[in-house]
Amino acid sequence: MSSKPQDAVADVCVLPLTRPQLAEARRMRAAELFEQRRPSSEVAWAVGMHPESVRRWKRLWEQGGVQALRRRPATGRPPKLDDAQVEAVRTALEQGAQAHGFEADLWTLERVGVVVERVTGVTLARASVWRLLTGRLGWSLQRPRRQAVERNESEIARWVAHEWTHIKRGR
C-alpha cells in the first residue's frame, strides 16, 4: 500500500471565468469539434451558440486555425487599473461595505467607486465601475430582498389566524 501525499492545492481559490474567457472556451471547444469533422449544426448545439456564429467561427478556423479563434487584446485606451490594483480592489470589496465605513453591507456603484479611489487613488466614472465589477471581477447584479430584518413569521401567522379574521368579519 502506498501513501499519497496531501494535495498542496487545497487552499487555492479558483476565480470564476469572465465573459471573454467563457466565450474563448466555447470557441476552443468548437475548434475541437471542427477537427473531428462534426457538422456545424451539431457544434452549435454542443457549445450552445447560434449556427450562424458557428459557421463564422468555422470560416475563421479554416483560414487561420485555432489561433484565429483565440481572444485578442482589446484595442483602444488601456484600462486605468492594472491587474494588481484590480486584485487589491477585489480584496477590499470582499471585506464588505461595513468594513469601509458604510452603514449597510450593500454595494452600490457609488460606494464601489469610493473604495476604488481609496485603495488605488484612481477615480472611475460609474460606467467604468460597472465594467470593473462585471468584466474584470466577474461580479453580477444582486438585488436585496425587500423584507424587514425584524420579520417574525410565527407572529405574522398568529396575527393572520386571530386578528385578521376579526377585522375581515368587521367586528
Pro79 versus Arg136, closest heavy-atom pair with distance: CB-NH1, 3.5 Å
same_hphob_cluster(Trp45, Val54) at 4.5 Å side-chain heavy-atom cutoff: no
Closest non-hydrogen atom pair, Leu137 against Arg90: O-NH1, 3.4 Å
Are any side-chain N or O atoms of Arg38 and backbone N or O atoms of Leu33, one a donor and one an acceptor, separated by less than 3.5 Å? no
Val89 versus Val119, closest heavy-atom pair with distance: N-CG1, 4.3 Å
Show me, pair by pair, the donor-acceptor contacts under 3.5 angstrom made by side chains of residues 55-67, not counting sequence neighbours?
from, atom 1, to, atom 2, distance (Å)
Arg55, NE, Glu52, OE1, 3.2
Arg55, NH2, Glu52, OE1, 2.9

Looking at every non-hydrogen atom in both residues, tell me the closest pair between Leu124 and Lys80 and how far apart they are. CD2-CD, 3.8 Å
Carefully, step by step, assess Trp130 and Leu141 under the rule side chain to side chain contact (heavy atoms under 4.5 Å, CB included). CA-CA 10 Å; Trp130 177 255; Leu141 176 65; 4.1 Å; yes
A side-chain contact here means heavy atoms from C-beta on lying under 4.5 Å apart; do Ile167 and Trp159 qualify? yes
Taking only distance into account, with no hydrogens and no angle test, what donor-acceptor pairs under 3.5 Å do side-chain atoms of residues 91-101 form with protein atoms, sequence neighbours excluded?
from, atom 1, to, atom 2, distance (Å)
Thr91, OG1, Glu87, O, 3.0
Gln95, OE1, His100, NE2, 3.4
Gln98, NE2, Glu103, O, 2.8
His100, NE2, Ala92, O, 2.8

Tell me whether Met49 shares a hydrophobic cluster with Leu22, the cluster being built from Ile, Leu, Val, Met, Phe, Trp, Tyr side chains joined at under 4.5 Å. no
Working to the nearest 0.5 Å, report the span between CG of Leu81 and CZ of Arg131. 11.5 Å
Side-chain contact, heavy-atom cut-off 4.5 Å: Phe102 with Val114? yes
Determine the minimum heavy-atom distance between Ala30 and Val47, stating which atoms define it. N-CG1, 4.0 Å
Do the side chain of Arg27 and the main chain of Leu69 share a donor and acceptor less than 3.5 angstrom apart? yes
Examine Val112 and Leu106 and state if one hydrophobic cluster contains both, with Ile, Leu, Val, Met, Phe, Trp and Tyr joined whenever side-chain heavy atoms are less than 4.5 Å apart. no
The test is side chain to side chain contact (heavy atoms under 4.5 Å, CB included); show your working for Trp107 and Leu133 and say whether it passes. CA-CA 11 Å; Trp107 286 117; Leu133 289 172; over 6 Å; no
Calculate, to the nearest 0.5 Å, the distance between atoms CD and CD belonging to Glu155 and Glu153 respectively. 11.0 Å
Does atom CG of Asp83 have more than 12 heavy-atom neighbours from other groups under 6.0 Å away? no
For the atom pair CD (Gln21) and CE (Met28), what is the distance rounded to the nearest 0.5 Å? 13.0 Å
